[in-house]
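Notes follow once the structure below has been shown.
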Amino acid sequence: MKYMLAEVIRKNKRMEKGESIKDTIEEELQDVLYYIVCLANINDIDLQECVYLKEKLNCEKYSRKNMFEA
């Protein structure tokens, strides 16, 4: 059976050391990441730049230190 991310999180289905990734939170997160990267590539979006720009906005919004700056 193919699970969705919300369902495996609700059931806390984690991959155990030495076991298959199938039907686990780890598998579903990899699927999400894969589709995000594909969508970014199709739309010519630099995800690394987006992460830095969004971190800068969040730091200003929440008055916190930028995790990418020394």
Side-chain angles (χ1 to χ4, degrees):
M1 168 185 258
K2 180 66 176 156
Y3 291 98
M4 303 289 287
L5 179 57
E7 185 173 357
V8 293
I9 288 174
R10 183 176 55 79
K11 293 181 177 182
N12 196 30
K13 294 188 64 139
R14 298 295 308 268
M15 184 175 73
E16 299 295 328
K17 190 170 184 158
E19 292 185 7
S20 173
I21 194 172
K22 187 162 178 49
D23 298 329
T24 63
I25 295 171
E26 290 84 354
E27 179 189 23
E28 294 304 319
L29 286 174
Q30 188 281 330
D31 287 345
V32 170
L33 183 58
Y34 174 81
Y35 289 115
I36 289 169
V37 170
C38 288
L39 287 169
N41 285 336
I42 289 168
N43 291 287
D44 197 30
I45 294 171
D46 181 343
L47 285 176
Q48 184 174 358
E49 180 183 16
C50 290
V51 168
Y52 291 125
L53 292 172
K54 181 61 177 168
E55 175 65 7
K56 184 176 178 183
L57 286 176
N58 286 344
C59 289
E60 293 168 4
K61 182 176 181 178
Y62 299 110
S63 300
R64 64 174 176 81
K65 187 175 184 286
N66 190 317
M67 66 184 204
F68 298 116
E69 294 177 355

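Counting only distance, with no hydrogens or angles, the side chain of E27 and the backbone of D23 share a donor-acceptor pair below 3.5 Å.
Summarising the geometry, atom CG belonging to L39 is positioned 8.0 Å from atom CD1 belonging to I45; distances are rounded to the nearest 0.5 Å. Remark: N58 CG to S63 OG distance equals 11.5 Å, nearest 0.5 Å. Rounding to the nearest 0.5 Å places CG of L53 at 10.5 Å from CD of Q48. Summarising the geometry, atom CZ belonging to R10 is positioned 12.0 Å from atom CG belonging to L5; distances are rounded to the nearest 0.5 Å. Atom CG in L57 sits 10.5 Å away from atom OH in Y62 (nearest 0.5 Å). Here the CD atom belonging to E28 is positioned 9.5 Å from the CD atom belonging to Q30, to the nearest 0.5 angstrom.
Between E69 and K65 no salt bridge is recorded (no basic side-chain N to carboxylate O distance below 4.0 Å).
Under a hydrophobic clustering in which Ile, Leu, Val, Met, Phe, Trp and Tyr are joined whenever their side-chain heavy atoms come within less than 4.5 Å, directly or via other members, I36 and V8 fall into the same cluster. Placement of V32 and L47 within a single hydrophobic cluster is found when ILVMFWY residues are connected by side-chain heavy-atom separations under 4.5 Å, directly or transitively. There is no path of hydrophobic side-chain contacts, each under 4.5 Å, that joins V37 to I42.
With sequence neighbours excluded, the residues forming a side chain to side chain contact (heavy atoms under 4.5 Å, CB included) with C59 are E55, R64, N66, listed by chain and number.
The local environment of CD in E60 is crowded, with over 12 non-hydrogen atoms from other residues, nucleotides or ligands closer than 6.0 Å.
Across I25 and R14, no two heavy atoms sit closer than the pair CD1-CD, 3.4 Å.
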